[in-house]
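Each remark here refers to the structure printed beneath this line.
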Amino acid sequence: MPQKIKRRGPSVFHKKKTGPLKVAVWVVLCGILVTVGFFSAKYLTEHAGPPVEGGEPASTTTTTGEGASPTGADPTEPTSTTTEPSAVSPGQPASTADGKGIHAFYLPVSALKQTAALDALLDEAAAAGFNAAVFDLKDENGVLHYASQTEDALTAGAAAEDAFRLEELQVLIQHMKDRGVTPIPRLYAFKDRTAPSGLTSARIGIKGEPGWMWLDNSKDAGGKPWLNPYSTDAHRYITGLAQELKTAGFDTLILDGVQFPNQTSQAYYGAGELTSLSKDAVLAKFVTDLTAAVNGDGSCTVMLSMPGLSAFSDETAPFGGNPLTFGAAGMCPNLSPATLGNTLNFGDEKLNSPATLPYDAVRLSMKQIDLRLKLLQDARVPFVCPWLQAYDYSTAQIKEELRALTEENSEASYILYNSGGTYDFAGLK
């Protein structure tokens, strides 16, 4: 809302004669003030803290990303001058409360079970300045990689045969923290082809046949069921998992798959208490309610993962709106250049083949996201911890991504993604 401009009335100045003695006193006082001001400025300059980021955007031009699928090149995703990741001493895990300086990398769950190899990897990562590791405890197929004891999880029957027991998970959490690496589990929410078979009340049905299980394509073409974003039972299932993991000792969680299917023909969402809400409203309610359930005491940060193009372009149909507005404390847009389509535009800049230009692809993507965040109310602005591409890229190309992200903000957070969990930590040091 425009602020009212307060205008002053006319000023009236009266001239008074000033005696010689008063003039002399004023000259002496001014000299003292100038001297004090000079040395004060000198002290502040020499002892100043780090500069504070801020100010207005350089451009307010609408930006777009064209010609890409939100899923990107890797289905589980999410020599020039280089800027190295800020060094973090071993034994100093990341603090995600304010989103500053999270330097994470993705690991497959299988890597967590190879103790000796895991220890060596964690030590090498910590020595290179990485302080967090992300892994899936509910993957994009809906499979649970820990043996949840919630009633909904037991009904769903979604746990893998080799799933971690809760007590094993607690040992792993402490072990990773002791080596200077914060463990961050990722949970896929409604993108789930496993739980709908057991949790029949939480799945998407078919119009005209609500008791049947809807698929996002024909069965012959690999169609998959989904959990229903309008189902309170689906909300309860995922929130229960998050609460259980918080109790186990995790202080940060990433939600993914908080969306509707890309196509929803013949999908039936029921007639429950949430179906009057728009798509973006029901997804925002889910994120907000889950955050309140696990972070009521401020001890567990919730981040939301999404395709990069859904965060800064018009590819928002599965979300009903921009997921940056869903209320999570942190946002993890996938800025892997291979997922950003054929062209990126920002103002007068046009970038063709973003995958071949990692520095410019990440730089332009972050500019677009920053512009959108500036439109949010201050209390709702999340921190950004993007996924960066570490597959099909050389170490030099990964450093180009990091340079784009950190050259204006040395405390920028990020997650390197390689589905195999292979990284050249020595080269990235």
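For the atom pair Ile415 CD1 and Cys332 SG, the distance stands at 4.0 Å (nearest 0.5 Å). Atom OG of Ser148 is separated from atom CG of Leu166 by 7.0 Å, given to the nearest 0.5 angstrom. Taken to the nearest 0.5 Å, the OG atom of Ser305 stands 11.5 Å off from the CG atom of Leu187. Note that OG1 of Thr395 and CG of Asp424 are 3.5 Å apart. Values are rounded to the nearest 0.5 Å. The distance from atom OG of Ser299 to atom CG of Asp251, rounded to the nearest 0.5 Å, is 8.0 Å. Atoms CD1 and CE, on Ile184 and Met176 in that order, are 9.0 Å from each other to the nearest 0.5 Å.
Between the side chains of Tyr237 and Glu151, no donor N or O sits under 3.5 Å from an acceptor N or O. Side-chain contact annotation: Asp280 with Ser278, donor-acceptor N/O pair under 3.5 Å present. For the 3.5 Å distance criterion, the side chains of Gln174 and Asp178 qualify, holding a donor opposite an acceptor. A donor and an acceptor atom, one from each side chain of Ser336 and Trp387, are nowhere located under 3.5 Å apart. Counting only N and O atoms by type, the side chains of Glu244 and Tyr146 include a donor and acceptor under 3.5 Å apart. Between the side chains of Asn141 and Tyr188, no donor-acceptor pair is found at a separation under 3.5 Å. For the residue pair Asp192 and Trp226, no side-chain donor N or O sits within less than 3.5 Å of a side-chain acceptor on the partner.
Checked options Met303, Met331, Glu411; the residue passing with Phe383 is Met303 (criterion: side chain to side chain contact (heavy atoms under 4.5 Å, CB included)).
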(request) List the steps, then state whether side chain to side chain contact (heavy atoms under 4.5 Å, CB included) holds for Phe260 with Val282. (result) CA-CA 11 Å; Phe260 286 77; Val282 76; 3.9 Å; yes
(message) Apply side-chain hydrogen bond (donor to acceptor under 3.5 Å, both in side chains) to residues Asp136 and Tyr106 and explain how you reach the verdict.
(response) CA-CA 9 Å; Asp136 292 320; Tyr106 174 86; 2.9 Å; yes
(message) Walk me through whether His103 and Leu428 qualify under side chain to side chain contact (heavy atoms under 4.5 Å, CB included).
(response) CA-CA 12 Å; His103 299 164; Leu428 293 170; over 6 Å; no
(message) Run the side-chain hydrogen bond (donor to acceptor under 3.5 Å, both in side chains) test on Glu407 and Tyr359 for me, step by step, so that the C-alpha distance in whole Å, both residues' side-chain angles and the decisive distance to 0.1 Å come before the verdict.
(response) CA-CA 11 Å; Glu407 65 182 358; Tyr359 169 82; 2.5 Å; yes
(message) Please determine whether side-chain hydrogen bond (donor to acceptor under 3.5 Å, both in side chains) holds for the pair Asp119 and His175, giving the CA-CA distance in whole Å, both sets of side-chain angles, and the decisive distance to 0.1 Å.
(response) CA-CA 9 Å; Asp119 286 352; His175 184 73; 2.5 Å; yes
(request) Take Trp214 and Asp216, measure what side chain to side chain contact (heavy atoms under 4.5 Å, CB included) needs, and give me the verdict at the end. (result) CA-CA 7 Å; Trp214 178 87; Asp216 59 8; 3.6 Å; yes
(message) Using the rule given for side chain to side chain contact (heavy atoms under 4.5 Å, CB included), can you reason through Tyr269 versus Lys207, listing the C-alpha separation, both sets of side-chain angles and the distance that settles it, and then say yes or no?
(response) CA-CA 9 Å; Tyr269 300 112; Lys207 288 181 179 178; over 6 Å; no
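Residues that satisfy the salt bridge (charged side-chain N to carboxylate O under 4.0 Å, His left out) test with Glu167, not counting sequence neighbours, are Arg165. Residues satisfying the side-chain contact (heavy atoms from CB on, under 4.5 Å) test with Thr316, not counting sequence neighbours, are none.
A distance-only check finds a donor-acceptor pair linking the side chain of Thr356 to the backbone of Ser353 [under 3.5 Å]. Distance alone, capped at 3.5 Å, places no donor-acceptor pair between the Thr264 side chain and the Ala267 backbone. Put simply, the side chain of Lys177 never gets that close to the backbone of Leu172: no donor and acceptor are under 3.5 Å apart. Here the side chain of Gln389 pairs a donor or acceptor atom with the backbone of Ala338 at under 3.5 angstrom. Judged purely by atom type and a 3.5 angstrom limit, Ser413 uses its side chain to pair as donor or acceptor with the backbone of Gly101. The closest donor-acceptor contact from the side chain of Arg372 to the backbone of Phe312 lies under 3.5 Å.
With a 4.5 Å cut-off on side-chain heavy atoms, Pro261 and Lys191 do not count as touching. At least one side-chain heavy atom of Met306 sits less than 4.5 Å from a side-chain heavy atom of Pro323. A 4.5 Å side-chain heavy-atom check between Arg380 and Leu324 finds every atom pair outside the cut-off. By the 4.5 Å heavy-atom criterion applied to side chains, Thr275 and Tyr230 are counted as neighbours. For the pair Tyr423 and Leu121, the minimum side-chain heavy-atom distance is 4.5 Å or more. Within the 4.5 Å cutoff, side-chain heavy atoms of Pro386 are placed close to those of Leu405. You'll find the side chain of Ile254 stays beyond 4.5 Å of the side chain of Leu304, heavy atoms only. Side-chain contact between Leu416 and Phe130 is present, with heavy atoms from C-beta onward closer than 4.5 Å.
Atom CD of Glu168 has more than 12 neighbouring heavy atoms from other residues, nucleotides or ligands inside a 6.0 Å radius.
Minimum interatomic distance between Thr252 and Pro185 (heavy atoms only, all atoms of both residues): O-CD, 3.2 Å.
Within the structure, salt bridge (charged side-chain N to carboxylate O under 4.0 Å, His left out) pairs that include any residue of residues 293-312 comprise Lys246-Asp297 (at least two apart or interchain).
Note: Phe425 and Phe105 meet the aromatic proximity criterion, with ring centroids under 6.0 Å apart.
Using a cut-off of 4.0 Å between Lys/Arg side-chain N and Asp/Glu carboxylate O, Asp360 and Arg363 are scored as salt-bridged. The pair Lys138-Asp256 does not meet the salt-bridge criterion, since no charged nitrogen lies less than 4.0 angstrom from a carboxylate oxygen.
For the pair Lys113 and Phe164, the distance from NZ or CZ to the six-membered ring centre is under 6.0 Å and the angle to the ring normal is within 45 degrees. No cation-pi contact links Arg186 to Phe135, judged by a cut-off of 6.0 Å to the six-membered ring centre and 45° from its axis.
Between His235 and Phe190, the ring planes are tilted. Angles from 30° to 60° get that label.
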